[in-house]
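Mind having a look at this structure? Questions to follow.
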Amino acid sequence: MNNDLQERENWTSKLGFILAAAGSAVGLGNIWRFPYVTGENGGAAFLLIYLIAIILIGYPVMVAEMSLGRKTEKNPVGAFKNLAPDTPWWLVGALGVFTGFVILSYYSVIAGWSMAYIVQAANGFTSEMDFAGLFGGHISSVGEPLLWHATFMGITIGIISAGVVKGIQKAVKILMPILFILLVALVFRSVSLEGAGEGLAFYLAPDFSQLTWYSLNEAIAQAFFTLSLGMGAMITYGSYLSKDDNISDSAGYVLGLDTLIAVLSGFAIFPAVFALGLSPDAGPGLTFITLPAVFAEMPLGTLFGFLFFVLLTIAAITSAISLLEVVVAYMVDEHEWERKKAAQVVGIVIFLVGIPPLLGYSALSDFQFLGMDILDTYDWFANAIFLPLGGLLTAIFAGYVWGARNTADEANKAEGVLSVGNLFGVLIKYVVPVAIGTIMVVGIWQTLAG
Ligand code: PHE
């Protein structure tokens, strides 16, 4: 089918767009990554610099991406081509499409672990279990993780095949409220446990001696990942946005919702972890090793454990669809593929690209890159290089090539509460590029230096 003959789909309401973009933002990044990164970087002090990064760097880049998308009504490659024809700027869009591809391939593997843990939790976590062994055993097997990885990609492909309104918007309108209710229930459970106070203090009373330069790095990288920035997801979602929406406002809502969910995840996790005398700095294993130990001990733990992994899976689905949509929109717009076919073909290829990281804990465990397994290697390339580079170049493009003024005008098009102006110009032209440039250099150097 030739796409030129079709009207571009639009979100049918302001809320539809906000929920879809917030659904993209809220994901494993909020519930799995944010708590463990915060736990490793000393808690409250990290939370503070993370919030600053979200506002000073995340917000302007999000406004720029959504504006680029709505202005051009195109996928990331088409958006840059449209505003800067016959220049190499489209390569920034191409980097974004490629990044979406890479992130979804391993994101789906982790989401698969979460699905497997729904079943584990339903069978009950008990105190005599060896949770490190359980998790290690799961990820180093092949059949089960592969089945869940395939199931997760299947769900993602199904939603994207159905389209922007009937697929994405419908899914997020159902899933996002459920996610919120589940999370609030978990927070109540956690903070009402005996001994929760210590966890609250860790999370809320800053101790700046815990911070290192590397924490700053982590805060900015976390801001990009959690807000789905630097790879064109917000360009793509913005391309389905009606001209009657105010982007300065919408970006504010998305940022607010994403931050709310991340902060609530911390409230769901730290008090419970401390109440049970466990440590919050377990790294990526916090969700899959420490938390099941928490659920094993607490009253109604099986129920809450089950709900937690349902929550984590839902959050992962609403993000995964945005990752797949970036690549699908590119195939549909630029190569005139039919949406269903694009979703299926691209989805299957991404599934295959996810197999090496999945096998990195079993058949391919000998493979190491700078001391990282395959999944961590994919993740490192995405977070230390692709997303910040994409964000940096997008900021430069919006600030200097398209122009900060034009970007702001697009963002402020309709009546709204917020409106971006001179401060936005300063942030997008100077603060964002300098901050990202610095963290990229420091981050890459630190990793290479081990
Ligand atoms: N923001 C998602 C999360 O927090 C991950 C993501 C990154 C989604 C980039 C889309 C694009 O889990």
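These numbers come from a predicted model, not from an experiment. All ligand and atom numbering here is 1-based and tracks the order in the structure. All values below were derived from every heavy atom in this structure, side-chain atoms included, with hydrogens, water molecules and symmetry-related copies excluded.
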Exercise. Would you say the side chain of Ile247 lies within less than 4.5 Å of the side chain of Arg70, judging by non-hydrogen atoms?
Worked result: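 Side-chain contact under 4.5 Å: yes.
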Problem set entry | For Glu218, side chain to side chain donor-acceptor pair (under 3.5 Å) partners two or more places apart |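 Here no residue qualifies.
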What are the atom names and distances for all N or O pairs under 3.5 Å between ligand 1 and the protein?
from, atom 1, to, atom 2, distance (Å)
ligand 1, 1 (N), Ser24, O, 3.2
ligand 1, 1 (N), Ala25, O, 3.0
ligand 1, 1 (N), Phe225, O, 2.8
ligand 1, 1 (N), Thr226, O, 3.1
ligand 1, 1 (N), Ser228, OG, 3.0
ligand 1, 4 (O), Ala25, O, 2.9
ligand 1, 4 (O), Gly29, N, 3.3
ligand 1, 4 (O), Asn30, OD1, 3.4
ligand 1, 12 (O), Leu28, N, 3.0
ligand 1, 12 (O), Gly29, N, 2.8
ligand 1, 12 (O), Tyr107, OH, 2.5

Problem set entry | Contacts of Tyr117 that satisfy ring pair (Phe, Tyr, Trp, His ring centres under 6.0 Å) - sequence neighbours left out |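 Residues passing ring pair (Phe, Tyr, Trp, His ring centres under 6.0 Å) with Tyr117: Phe288, Phe309.
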Exercise. Hey, what's the ring geometry for Phe125 with Phe295, parallel, tilted or perpendicular (30° and 60° as the breaks)?
Worked result: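 Answer is parallel, since the angle falls under 30°.
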Problem set entry | From CA spacing to verdict: salt bridge (charged side-chain N to carboxylate O under 4.0 Å, His left out), Arg8, Asp333 | CA-CA 10 Å; Arg8 194 172 190 80; Asp333 291 350; 3.1 Å; yes
Exercise. Any ring pair (Phe, Tyr, Trp, His ring centres under 6.0 Å) pairs touching residues 47-84, not counting sequence neighbours?
Worked result: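 Residue pairs passing ring pair (Phe, Tyr, Trp, His ring centres under 6.0 Å), neighbours aside: Phe34-Tyr50, Phe80-Phe397.
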